[in-house]
2 protein chains.
Amino acid sequence: MLKKTHRVSLVEQVSSQMEDLIESGHWAIGNRLPPEMELMKTFDVSRNTLREAIQALVHAGLLETKQGSGTIVKSKSALEAVLHRQVEKSNILKILEVRLALEREAAQLAAKRRNEKDIKDMNHFIGMCRLAAQEGDLELFLKADIQFHQMMVKAAHNQMLFDLYSHITDPLISSIRNIMILDKNFDYENEIHTDLFEAIKQKSEHHAIRYVNNYINEFREKITLIQED
Amino acid sequence: MLKKTHRVSLVEQVSSQMEDLIESGHWAIGNRLPPEMELMKTFDVSRNTLREAIQALVHAGLLETKQGSGTIVKSKSALEAVLHRQVEKSNILKILEVRLALEREAAQLAAKRRNEKDIKDMNHFIGMCRLAAQEGDLELFLKADIQFHQMMVKAAHNQMLFDLYSHITDPLISSIRNIMILDKNFDYENEIHTDLFEAIKQKSEHHAIRYVNNYINEFREKITLIQED
DNA sequence: GGTCATTTGTTCGTATGTATA
DNA sequence: GTATACATACGAACAAATGAC
């Protein structure tokens, strides 16, 4: 008899429905939402209620409204939006430290849990790295390198680790690019993580950790050198 | 001529002001906000505008409204709220993995950056651990142990690392307690991280990492043993 | 148990600013 | 420049839940 669901406010009902539409990709990032008049009919609520729901998602970072233009989808999840803001107001080097922390753990877990599909995916991006290295295409190399790391974290089979890593990495990409470009001694061959890949493939946690530790320390030195400029 | 920054909506202005009041502790967690009529006068906006601002913070997880009763502060920051939700819908063991990832990085950074106050704080909780061990007080021991780890992460001097660690640890405490209680071979002396503390005190990154790796592996074994029950 | 003031929930109406065609 | 569509903001009214007396 007592319906607890009835005690959820209309605004909450509408905003969580909209959140689902965004998270499911039905309203994709960059797309414009239908006008308010239409949404009022869709959700069967008044203008103010609808607006409160929209504003809630705007504040959460999922939507962005522009007066006279419309409402567009800006971000896919609350976690992504929150971390994006957090990254923006923090020191880039400190964020990189967090990213490396997650990466190190991921390498160990990946060596333990990777399946055949993980190996295939990682191998694909290693190949792209090699191709980019041969052609000296830095942009392509960075793109493939980042996706390789992404796949490695995915191979750790820990959703939260993957979410945190992804949402921290995205807003860092331009910074990583700058670090790489400013590196005078940039050596493509040395940057291809073939050994790390092999260690994970052979399920050798020990070698994976050792390799990722070396890689991280090199990266740290690179950062501090650039910071001193 | 026209300042583009001036085009921040009233709702945004009000909600960010309220967010500041919450984050600064002026509106503490659990406290009730002044009624809408009062807040309307405080911020000098209409009811609809105020309510949109409140709903935004409700959706972000900072506030909770109850019809007929009032609005209370539920969480201190958006990051805390979103991580809390994330932790709730995830596997506890997977969350522990993320926590350990952050802890490992923190140990290394703490050995590099700790100052005298950090040492003092950590020493205080190490002392509490010893006291609790002597008296066989498991509750006190866990409390002190968690605070010791918290201080170690703080000594890493990376705000985002600390925030992530804290907000992940809080909802995990009861789980950690259960793990410890279920451990038949629980040995107080062995659980006091004196060696880790000494390594950080001596600024020996190498020893700090080695110790924390051992500690983490032991903790992992403990978890898998219990999981098999 | 009931009444009543308080507080939030929901809706409607109106006016004005702003971007796009 | 005008018309249109949309966003912003305010005010007023009633409904529903809560808590105190």
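Order of the sequence lines fixes the chain letters, A, B, ..., with proteins taken first and strands second; residue numbering starts at 1 for each chain. Please read all numbers here as calculations on a predicted model, not as lab measurements.
Among all heavy-atom pairs drawn from B/G61 and B/S75, the shortest one is O-CB, 3.3 Å. Residue B/L39 comes nearest to B/P34 through the heavy atom pair CD1-O, 3.3 Å, listed as atom of the first residue, atom of the second, then distance.
Picking from D/dA7, D/dG11, C/dT8 the nucleotide with the shortest atom distance to the side chain of B/R47 gives C/dT8. Set against C/dT8, C/dT10, D/dC10, the side chain of B/T65 has C/dT8 as its closest nucleotide. Comparing atom distances between the B/V45 side chain and each of D/dC10, C/dT14, C/dT11 picks out D/dC10 as nearest. Considering only the side chain of A/T49, C/dT11 comes nearest among D/dT8, D/dC10, C/dT11. Set against D/dA12, D/dA13, D/dT8, the side chain of B/N48 has D/dA12 as its closest nucleotide.
For the pair B/L63 CG and C/dT8 P, the interatomic distance rounds to 11 Å; values are reported in whole Å. Here the C1' atom of nucleotide D/dC10 and the NZ atom of B/K41 are 17 Å apart, to the nearest Å. To the nearest angstrom, C1' of C/dT10 lies 15 Å from CD1 of B/I54. As a whole-Å value, the separation of A/E64 CD from C/dA19 C1' is 15 Å. Rounding to whole angstrom units, CE of residue A/M40 and C1' of D/dA7 are separated by 14 Å. Atom P of nucleotide D/dC10 and atom CZ of B/F43 are separated by 13 Å, given to the nearest angstrom. In this structure, B/L50 atom CG and D/dC10 atom P are separated by 10 Å, rounded to whole Å. Going from atom CD of A/E52 over to atom P of C/dT11 covers 10 Å, rounded to whole Å.
Classification of B/E97 and A/R113 as a salt-bridged pair holds, one side-chain N sitting under 4.0 Å from a carboxylate O.
In summary, the side chains of A/Y165 and A/E103 do present a donor paired with an acceptor at a separation below 3.5 Å, with no hydrogens or angles considered. At a cut-off of 3.5 Å, with distance as the only test, a side-chain donor of B/S46 or B/T49 sits close to an acceptor on the other residue.
Here salt bridge (charged side-chain N to carboxylate O under 4.0 Å, His left out) pairs that include residues 139-159 of chain B, with residues two or more places apart or in two chains, are B/E139-B/R177.
Taking the six-membered ring wherever Trp is involved, the centroid distance between the rings of A/Y215 and A/H149 falls below 6.0 Å.
Judged by Watson-Crick or G-U wobble contacts below 3.5 Å, the nucleotide D/dG1 has no partner.
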Strictly under 3.5 Å: I want the nitrogen or oxygen pairs between protein and nucleotides 1-7 of chain C, one per line.
unit_1 : atom_1 : unit_2 : atom_2 : d
C/dT7  : O2     : B/G68  : N      : 3.4

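Between C/dG9 and B/R51, a contact under 4.0 Å exists linking OP1 or OP2 to a side-chain N or O.
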